[in-house]
Structures are given as structure tokens and as C-alpha cells.
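Heads up: the structure comes next, in C-alpha cells.
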Amino acid sequence: MNDAAPAPTPAPAPRRRARVRAPELIGKGGWLNTGGKELTLADLRGKCVVVDFWTFCCINCLHVLDELRELEEKHRDTVVIVGVHSPKFVHEADHAAVVDAVERYEVHHPVLDDPELATWKQYAVRAWPTLVVIDPEGYVVAQHAGEGHAHAIARLVEELEAEHEAKGTLRRGDGPYVAPEPVATDLRFPGKALALPSGNLLVSDSTRHQLVELAPDGESVVRRIGSGERGFGPEGFSEPQGLALLPDGTVVVADTVNHALRRFDPATGAVETVAGTGRQWWQGSPTSGPALEVDLSSPWDVAWWQGRVWIAMAGVHQLWTWDPEAGTVQVAAGTTNEGLVDGPAAEAWFAQPSGLAATEDRLWVADSETSALRYVENTPDGYVVTSAVGSGLFDFGHRDGDAAQALLQHPLGVTALPDGSVAVCDTYNHALRRYDPATGQVSTLATDLREPSDAVLVGDDIVVVESARHRLTRLRLPEEAVRVDAVAHRTQRAATEVAPGTLRLDVVFQAPAGQKLDTRYGPSTRLLVSSTPPGLLAEGEGPGSDLFRDLVLDPDVTEGVLHVSAMAASCDDDPANEYPACHVHQQDWGVPVRVVAGGAARLPLVLAGMDA
């Protein structure tokens, strides 16, 4: 027996790469934003092509859409961005829903609807979002998972432009994007609603970047607040969502894509910024401090609870608070890891919290990516997070009954009801659901709603924001729930077959050209691994600084999901620059695995770079 500590396993050596021809872009849903034309890679030859694998439920994917806008504009005659919509949820495989999402998020490039993940599989993609760069000759030259890669891709594009201009293989000119015809409606993909003391209703008109005040009938427009163009000044919003009434009669607005909180005064019409800088929060940024000096990340909803404004910080899977009197913000719950973990607020995991509702003793949370209803309580030991409905990132559906077995599908809104129960806008099931804490039962209140995203009580009625029907719908609160047939789903990605025993996990990261790993203050990389069920891993769970790890699989567990979170920080490699710009690259993966004889002994996940 040898008691000496084993030598650390060396990182795998870089391997020489052969040029890889890009697989064709195929998808049964067809093409959007092309004027009806079916595109092929041959049509794009001569252009630098950035393929964006996204799905519209994913906040990180929405961040990437915004990151790519500058690249898309600056290099419009040489670069074609192609979105490949690759669904996670069943609803996202509905072609009409993809059409809506492309308009909702102002996607101004061709989009391939790939409901069966055919192109996703051809490119061996494992995470949303993933960006693949194809050179003008049709070869894959880079792959990046997660967000924060726009700077590196922009630099690569400039290199490709110069190289292929010299070779004569660069083709300049307009790309294949064809804008769809605009549709006239009073609201366009409204997000959240609020009943004002006047009796009027205030609605966040997200795609038009405005707030709209409606008369009590929920239809007649009283006034619009904001210019209707993306902006961050007194007249500008960018895809606003959540609304909350403050004790002084003003309204706090989650200005989602501006990464800020704004305050609107209904009496004067004035709008001011009260939290956020307009920049997106990244790992390593402050998590507390003066509200106007701390970055936020896609705040999706807000609620007044226990003397503060609570913020559903969808972009970082946390809850934050803003204290109007002190003028400060701080993290209140969540670790930034994505998943469903209950317990003390500082240790809990969320997954894109998107809806909030406050009662005297609880803050209810619609945790969209885990298809869960959760709540926060203030106990003698501090704030604690508990899940009422939902089991994790990959199980969803429409099933009523006992909460332990009930299923939701990507809920975005939650509303406290007079009897102590809560209504849930079960967005991707197109339904309004109800959870009763007294009985632990889940029921269905209404169906045939189109992507309901919020609801507000008005007298004996509940007014639902039907986001994809561009309207508010008034319903009488029913005494009995609607009955529906139960349906259960799991995310449709095929499981990766892995060999029993030891599995080598490699997160592939190559610092972009002109950058190097930032080791000035210690390790510049981080890796966190867990599993569902927890027993899948006999060894290898937990945090570490290396981007590789040997995982030991329990021989008695044959399938499950590996949860991997990786981060790397790189800085511009310029010795003459005393303060080089630094960039954080981060991605979470949920990799379904099945343990079989003859399966793979290595699991590569590309954070940035290429892997054979």
C-alpha cells in the first residue's frame, strides 16, 4: 500500500487540428427572415458566417443576441449571422412560437428553425448558447459556448476579412436578411402588468420599449411612456418587463436589456434610473453597494416586500434587493449557479427567476428554467428558499394534483390570490395554474391562453397578460379548476453514452488571439461539477480551479445529468498596456449521460476554441 499523494494529472496537450468543413444547415421548421428563400452554406460562400445556436427561453441566448448586434451592424457587408433555433422545451419546437420569438427579440438576421436538433447534432453542440464561426471558404474556424465572446469573434472576423480579401475569397455586399412585414397592434409582446391606484393598468410593452397606461377596460390606451426606441435616457427603455408599486405611489420598472431599474412617476410622467449602470454584471463585479454604481444582469421582475424592492435577476440566477432609502443594492439569494437547490438563501440555486409576488410572509418566485414555483421566507435563521412545485432543469409538462408530482412548463409569472393560494402563469403550457399551500394541490384555472407572462387582480377578476396575443385578457376567478389531461416531458437532447468507471471531463478553452489567461490574482479558471441524481458521481463533485477533472461514475447508477459550470478570465496580451482589458468567459452545461459498455471515456465541452 502506497500512502504517498498521487501526482496531479497533467492537462491534455494541445492537438493539431485538421480543417473541418462546416456541415450543412438543415431543419424541418425552415427559414425565417429570408423572404421565403431556403439558404444553404453555398449561398453564404465568401462571407464570414457566425452560426448562433439559441433557444428563446434561455436568458444567456438573449444576452448573445444583444452582444451580436454591434458586430452585425459594423460588418454588415462581410458577415452573415445565422441563428439556428434549437429548442429545449416542447413549446419551443412550435414553429409559430419561433416566429413570435424572432419578432419579440428583434432578430435581424436569418434564422433556421431546427425543431429536431438536426443541425445541433451535426455541429456536436452541447450548450445554449453556442457560437460557431465559419470562414468564407466554408470551414469551421472557432467555437464558443456561453456569452461574452463578442470581442473575440469581432477580432477573428477582422483577421478573416484581411486574409480572405488578400486571397480573393471574400465577397462583399448585402446579406440574405429580409425583414418581415410589421404588424399594427396597440401592444406588442407585453411582459408584465400592474394595477395603478387610479384604476388604470400599466403594462410593459416589451418589444416596443415602452410602458403603456390603459384604461380600466384593459384596452383603451391612455398614454405611452418612452420613445418607442431602445435607449437609456429619460425617454428610453430596452425591453422592459417587471413593474412594482412603491409606497410613495411611484412605480419601479425592471428595464431588462438596459440591466437597470427605472422609477416612473404616474403623477408627472417622469422617468429616472435608480439602480444599475446600463452595463451587464459579470463574475467578479461587485454584488453590493451604491445602486447606481453596481452592474445588474437582466432584471425580469420586481416586487415590494419587507421594506425593499426584490429583483428577479434572471441573467445571473439570483434574487437581489434595492433599498430606496439607503440607495443600495445587494444579492439576497442564489449563488449564480443554475439549478434547483433549496436551503439558506446564500446557498440556494435558481434558474432564471422571472416572476415575483409578495404576501405578508412569503415572496413567491416563478423559476422559469426549472419549471418551478418557489418561495422565500424570513426565518429566525435568515432567509430560506423552498420549492413548492418543480424538480429540476430537465423535467416539465402539464400535470395537476399533488405538488410533489405536478408539472409546469417555463412559468414566467406568479400572482398572490385572496384565499392564500397563488396563480402561476404557466407560460409554455398556455395556461393559468393555481397552487394551494393549504392542500399542497396544483390545479388548472384556464387554458388556451397564448404565452401568459403575468396576471394582476382587478376586483373579482384576474387580468392575464397574453404576451403572444398582444393583449390583456380578463377572466373571472373560477370556483373550480379546469381539468386537463396530464402530460410529462423531458428535454429531448439525446444522452451521451459514456463508459463505466472513470470519465475524463475536459473543458476546452483557448484564450482568443491577442489575449492570455489572467493569473495576476491567482487561478483564472474555475470548474464546478455536480449531478442529478446526486449518486451518479462517486467522485469528482464540487469546485476546483483546473478545467479538467477525472470523474468516477457510480456503477449502480446508469443514467443521469452532469451539471458543469466553467469560467475562464483572459486579458489583452499587450506588455505596453498597464491596464489591459479583461474578459470573462462562462458557461453552464447540463449533459444527459447514459452509462454503457463501450461508451466514451472522455467528455469534451468547448468553452472557447475547437475540439476534435
Side-chain angles (χ1 to χ4, degrees), residues 1-13 88 124-127 145-146 317 334-344 346-351 369-370 372 385 387 390-396 404 490-509 523 525-568 586-607 611-612:
M1 183 174 182
N2 186 355
D3 294 330
T9 305
K88 171 186 174 180
V125 174
R126 295 185 184 275
H317 316 299
T335 65
T336 75
N337 294 316
E338 184 178 12
L340 192 153
V341 175
D342 290 337
E347 301 171 14
W349 292 22
F350 293 90
E369 281 291 282
T370 54
V385 178
S387 295
S391 58
L393 285 164
F394 303 100
D395 293 286
F396 55 90
R490 283 185 66 83
T491 300
Q492 64 169 309
R493 286 178 295 160
T496 298
E497 294 188 344
V498 297
T502 300
L503 175 67
R504 176 60 173 243
L505 171 65
D506 283 328
V507 174
V508 179
F509 177 76
T525 56
R526 184 186 70 182
L527 182 64
L528 177 67
V529 180
S530 61
S531 66
T532 303
L536 175 65
L537 288 179
E539 297 178 23
E541 284 194 335
S545 58
D546 292 324
L547 291 182
F548 58 92
R549 189 175 302 178
D550 286 331
L551 309 178
V552 179
L553 304 173
D554 189 317
D556 296 327
V557 182
T558 58
E559 63 179 333
V561 178
L562 292 175
H563 304 284
V564 180
S565 178
M567 184 274 287
Q586 183 174 5
Q587 177 61 25
D588 297 330
W589 292 268
V591 183
V593 295
R594 182 178 300 112
V595 182
V596 298
R602 175 176 177 263
L603 177 62
L605 301 174
V606 179
L607 179 59
D611 191 77

Polar side-chain atom of [X] near backbone of [Y] as donor-acceptor pair, under 3.5 Å:
{"X": "E369", "Y": "A351", "result": "no"}
{"X": "T370", "Y": "L393", "result": "no"}
{"X": "D342", "Y": "S387", "result": "yes"}

Between [X] and [Y], which heavy-atom pair has the shortest distance, and what is it?
{"X": "Q587", "Y": "L607", "value": "CB-CD1, 3.8 Å"}
{"X": "S565", "Y": "D588", "value": "OG-OD1, 2.7 Å"}
{"X": "F350", "Y": "H317", "value": "O-CB, 3.3 Å"}
{"X": "R549", "Y": "P543", "value": "NH2-C, 3.4 Å"}
{"X": "G540", "Y": "L551", "value": "O-CD2, 3.7 Å"}
{"X": "P533", "Y": "G560", "value": "CD-CA, 4.0 Å"}

Hey, what do you get for [atom1] ([X]) to [atom2] ([Y]), rounding to the nearest 0.5 Å?
{"X": "L503", "Y": "L536", "atom1": "CG", "atom2": "CG", "value": "9.5 Å"}
{"X": "W589", "Y": "H563", "atom1": "CH2", "atom2": "NE2", "value": "14.0 Å"}
{"X": "Q586", "Y": "R526", "atom1": "CD", "atom2": "CZ", "value": "5.5 Å"}
{"X": "M567", "Y": "F509", "atom1": "CE", "atom2": "CZ", "value": "10.5 Å"}
{"X": "L527", "Y": "D546", "atom1": "CG", "atom2": "CG", "value": "8.5 Å"}
{"X": "F394", "Y": "L340", "atom1": "CZ", "atom2": "CG", "value": "12.0 Å"}

L562 side chain reached by L537 side chain, heavy atoms, under 4.5 Å: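 Answer yes - side chains close enough.
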Might you work through the side-chain contact (heavy atoms from CB on, under 4.5 Å) test for L505 and L605, ending with a clear yes or no? CA-CA 8 Å; L505 171 65; L605 301 174; 3.8 Å; yes
